[in-house]
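For reference, the structure is listed below as structure tokens.
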Amino acid sequence: MGRFALYHDPLVLEHGTGRFHPEGPGRVAACVARLSGEGFLPEAPPSPSRTRRAIERVHAAPYVERLREASEAAPDGFPRDQAFTFFDSPDNAASAATFDAAVRAVGLSLAASDAVLAGEARSAFVAVRPPGHHARARSAMGFCFLNAVAVVARDLVEERGVSRVLVADFDVHHGNGTQETFWEDGRVAFLSVHRYPFYPGTGGADETGAGRGAGLTRNVPLPAGSDDASYAGGFVAALEELADRFRPEVVLVSAGFDAHVRDPLGGMAVTAEGYHAMVTALRSVAGAHADGRLVALLEGGYDHQGTAEGALTLARVLADGGETTH
Ligand SMILES: [Zn+2]
């Protein structure tokens, strides 16, 4: 029942970060090429008209405007990815195309969420950049400018009548921006498995949310070198516990592939088997609680082959629908 959809727009490749920055367009291009080669053809529906408003439910309007102005003022370059400047941090290289790419990444993510909610797709993977999970309400961080997964989660609970959304993050870095956004929000639960201590410094097991969100933030911090058994195993156990308790109506995934054994930044040892286990568990949780509704967004992943392999594993598991076992 239903189908798996892949979303991508080549516009997101125009966000320029300079030749030597790990978060370059090649990583997403490699992902999409690999998926296309396996028959997963990307779609590029228009961004919903509410995209800017949805972004401003997570990010302060002056911050969004400041990002737009910084892109506009980036040094002249053609194509628009050629000349870049830095925005908020030395990690965040930005070019003339950065604002448009970041907004489009959010717009495609919202379009994927709409398609899944409408039953046009059962699950979706959004292959976009820049990534989002470190972005905070008023600042860019860690290659991220706009927190797409947070925007989609908030849009679901505030605009689409969804009561409970689970955001599960298996990127090797802690999704600090997402955690912060929903820290006291009882409608969005957040689970993150990551290397710790590591960038961005947050994500200890004692960080569990507050107020109406008390107990709805769940961190699984792991040491460098963690492998399929510890990384995927830790994620799956925490996911099942949290999902049984929270009963999400939609599952969102911050799918970063920088815990892959080949990744130059992550220092972990996850293989395709580990990604297979994590995505299979996510599909089961979505099937059990959310009528299968799952939207995964690309976050990090800096080895092109590793990222493409992880994304292909994710697509195959989601497209498989769970009727068969491996
Ligand atoms: Zn990462």
Side-chain angles (χ1 to χ4, degrees), residues 2-9 12 27-28 31-32 34-35 38 40 42-43 45 105-117 120-133 144 147-153 155-156 162 165-173 175 178 188-194 232 235-236 239 243 248-260 270 272 274-287 289-301 306-322:
R3 64 185 187 98
F4 167 77
L6 171 65
Y7 288 83
H8 173 70
D9 185 331
V12 304
R27 47 189 293 275
V28 179
C31 229
V32 173
R34 184 78 185 275
L35 288 163
E38 297 289 330
F40 297 105
E43 301 168 53
V106 174
L108 267 185
S109 302
L110 287 167
S113 165
D114 286 354
V116 164
L117 217 58
E120 293 158 14
R122 182 172 168 91
S123 60
F125 177 53
V126 190
V128 286
R129 60 184 285 275
H133 72 156
C144 303
N147 194 328
V149 82
V151 171
V152 172
D155 179 72
L156 282 167
V162 172
V165 176
L166 171 64
V167 179
D169 185 329
F170 58 65
D171 187 282
V172 79
H173 302 98
T178 312
V188 179
F190 177 64
L191 162 67
S192 179
V193 61
H194 45 267
F235 176 81
V236 170
L239 172 69
E249 295 176 353
V250 178
V251 175
L252 302 179
V253 185
S254 270
F257 296 100
D258 41 10
H260 192 280
V270 177
Y275 288 111
H276 189 278
M278 292 194 282
V279 179
T280 300
L282 286 161
R283 188 188 65 193
S284 298
V285 158
H289 300 285
D291 200 21
R293 294 183 294 211
L294 184 154
V295 178
L297 316 185
L298 181 64
E299 297 281 3
T307 300
E309 180 185 270
L312 179 59
T313 302
L314 177 141
R316 282 180 170 156
V317 170
L318 294 180
D320 178 40

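- Residues passing the ring-ring contact (aromatic ring centres under 6.0 Å, His included) test with Y275, sequence neighbours excluded: F170, F257.
- Judged by distance alone, the side chain of R293 and the main-chain N or O of V116 form no donor-acceptor pair under 3.5 Å.
- By the side chain to side chain contact (heavy atoms under 4.5 Å, CB included) test, A189 pairs with L166, L216, L242, F246, sequence neighbours left out.
- Here F125 pairs with nothing under the ring-ring contact (aromatic ring centres under 6.0 Å, His included) rule; sequence neighbours left out.
- Under the side chain to side chain contact (heavy atoms under 4.5 Å, CB included) test applied with L252, the options L156, L297, L294, D169 reduce to a single match, L156.
- Under the salt bridge (Lys or Arg N to Asp or Glu O under 4.0 Å) criterion, E249 pairs with R164, not counting sequence neighbours.
- In this view, R27 and E23 satisfy the side chain to side chain donor-acceptor pair (under 3.5 Å) rule, not counting sequence neighbours.
- Among residues two or more places apart in sequence or in another chain, the side chain to side chain contact (heavy atoms under 4.5 Å, CB included) test is passed with A272 by E309, T313.
- Between the NE2 atom in H173 and the SG atom in C144 there is a gap of 9.5 Å [rounded to 0.5 Å].
- Across every non-hydrogen atom of S123 and L318, the tightest pair is OG-CB, 3.6 Å.
- For S113, there are no side chain to side chain donor-acceptor pair (under 3.5 Å) partners at least two apart in sequence or on another chain.
- Annotation: ring-ring contact (aromatic ring centres under 6.0 Å, His included) contacts of H133 (sequence neighbours excluded): none.
- Residues forming a side chain to side chain donor-acceptor pair (under 3.5 Å) with H194 (at least two apart in sequence, or on another chain): S192.
- Of the possible donor and acceptor atoms, one in the side chain of R283 sits under 3.5 Å from a partner among the backbone N and O of V317.
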**Message:** Would L117 and V162 count as a side chain to side chain contact (heavy atoms under 4.5 Å, CB included) here? Give the steps.
**Reply:** CA-CA 9 Å; L117 217 58; V162 172; 4.0 Å; yes
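- Residues forming a salt bridge (Lys or Arg N to Asp or Glu O under 4.0 Å) with D114 (at least two apart in sequence, or on another chain): R50, R160.
- Judged as a side chain to side chain contact (heavy atoms under 4.5 Å, CB included), and not counting sequence neighbours, the contacts of A5 are R3, Y7, E43, A121, A124.
- Applying the side chain to side chain donor-acceptor pair (under 3.5 Å) test to S254 and every residue at least two apart in sequence or in another chain returns E299.
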